[in-house]
2 protein chains.
Amino acid sequence: MAAMTEFDRVVTDLLGQHDLRYTVGRRALVKVLRVADRPVTLPELLGLAGDLPQSSAYRNLALLEEAGVVRRLVHGGDHAHYELAESLTEHHHHLICNHCGRVTDMTLSPALEQTLDDSFGSIAEASGFVASSHVIDVYGLCSQCAN
Amino acid sequence: MAAMTEFDRVVTDLLGQHDLRYTVGRRALVKVLRVADRPVTLPELLGLAGDLPQSSAYRNLALLEEAGVVRRLVHGGDHAHYELAESLTEHHHHLICNHCGRVTDMTLSPALEQTLDDSFGSIAEASGFVASSHVIDVYGLCSQCAN
DNA sequence: TTGCTTGCAAATGATTTGCACTGCT
DNA sequence: AGCAGTGCAAATCATTTGCAAGCAA
């Protein structure tokens, strides 16, 4: 196999830790997720990835998720959305359109993130809950749907 | 019918605005949601509500949601969770156990909520997105599962 | 060879819906 | 009478899984 980018090396390693191979089909999925600048649904993924069998796509996304390469987002819509895991990107949140369901990324300032983690940690602690991560979804209308 | 509490009056009104009646079955669902101090799944709801047919429960929860009486939460687990809409309770967020899936409520200080809304609003605006509400989920381990 | 992968077809399971009947108003 | 509500059974549909064949180490 030809030259491997640092990104591919990291993915290969994550997969290897779970006895999984970085096959052509998996590369195709990861590539689409990497190129798309937002979380995508499975139908979108299939459309963008050329010709992958649906069941293999589902199966590989599940494995990629276990290996920490992919993150699966569940909102109210018909399909889940998939994006690269934060270890491969950056901690961020989502803007979700109430009308068309499109999801786009949003990043908060490190200072605000710190404030939030501190708040969540202490509030959770009060009830014996051990907080480890947080997710923020902002709902509204995307530029397309807002008219 | 006998005396009606202020709460029931509000619910009746919300339903009435959608040409829906506040029937016995719907009262049973709302009562369980009100008594439970946390969002519950449909199976839990059926268990707590005595003997309601599953399909009617699903159907009525969907109608109650449309009428603004109930809110449906979707996370990764097998079942959605249901709680009373914020117009009947208070703006709050959720602590979600990674192990057992239990969801509990969490309230942030008004000052922090204000900071968040300001931040979300301006960040969203930069991409033409019109923000209208936000959801925050804190993941971790509940007191039961943390050992 | 051993064991991870794959594609197809079939299964799963939460949620939804068609329909005939009941009950408010 | 007229329409909303209910329960049952059957349908939906995104997602998962069994299995037999393919491929890499």
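Predicted model only: the values in this text are computed from it and were never measured.
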* Structure fact -> Between A:Tyr58 and B:Arg21, the residue closer to the 5' end of DNA chain D by nearest nucleotide is B:Arg21
* Could you name each residue pair satisfying side chain to side chain donor-acceptor pair (under 3.5 Å) that touches residues 47-64 of chain A, not counting sequence neighbours? => A:Arg26-A:Asn60
* In terms of ring plane angle, is the pair A:His75 and A:Tyr139 parallel, tilted or perpendicular, where the classes change at 30° and 60°? -> perpendicular
* Asked: Do A:Asp117 and A:His134 get their side chains close enough for a donor-acceptor pair, meaning under 3.5 Å?
  -> yes
* **Spacing of B:Leu15 atom CG relative to D:dA4 atom C1', expressed in whole Å** => 12 Å
* Asked: Under 3.5 Å, is there a donor-acceptor pair between the B:His94 and B:Glu83 side chains?
  -> yes
* Starting from P on C:dG7, measure out to CG on A:Leu52 and report it in whole angstrom. => 7 Å
* Euclidean distance, atom CG of residue A:Leu46 to atom C1' of D:dT15 [Å, nearest integer] -> 12 Å
* **Interatomic distance where CG belongs to B:Leu45 and C1' belongs to C:dA14 [whole Å]** => 15 Å
* Rounded to whole angstroms, how far apart are CG on A:Leu42 and C1' on D:dC13? -> 13 Å
* Do the side-chain N or O atoms of B:Arg59 get closer than 4.0 angstrom to the phosphate oxygens (OP1, OP2) of D:dG7? -> no
* Sugar-phosphate, base or nothing in reach of A:Ser56, heavy atoms under 4.0 Å -> base
* Please check if the side chain of B:His99 supplies one atom and the backbone of B:Cys97 the other of a donor-acceptor pair under 3.5 Å. => no
* Regarding A:Arg27 and the six-membered ring of A:Tyr22, is the cationic atom NZ or CZ under 6.0 Å from the ring centre and inside 45° of its axis? -> yes
* **Integer-rounded Å distance: D:dT12 P and B:Gln54 CD** => 18 Å
* Asked: With sugar-phosphate meaning primed atoms plus P, OP1 and OP2, does A:Ser55 contact a base, only sugar-phosphate, or nothing at under 4.0 Å between heavy atoms?
  -> base
* **Distance-only side-chain donor-acceptor flag, B:His91 / B:Glu113, under 3.5 Å** => yes
* Check whether any side-chain nitrogen or oxygen of A:Asn60 sits under 4.0 Å from OP1 or OP2 of C:dT6, and answer yes or no. => yes
* To do: Remember a base hit wins even if backbone is also touched, and classify A:Arg26 as base, sugar-phosphate or nothing at under 4.0 Å, heavy atoms.
  => sugar-phosphate
* Contacting residues from residues 61-71 of chain B, given that a heavy atom lies under 4.0 angstrom of DNA chain D -> none
* Sub-4.0 Å heavy-atom contacts from residues 76-88 of chain B onto DNA chain D, ordered by number -> none
* Structure fact -> Rounded to whole Å, the OH-C1' distance (A:Tyr22 to C:dT5) equals 16 Å
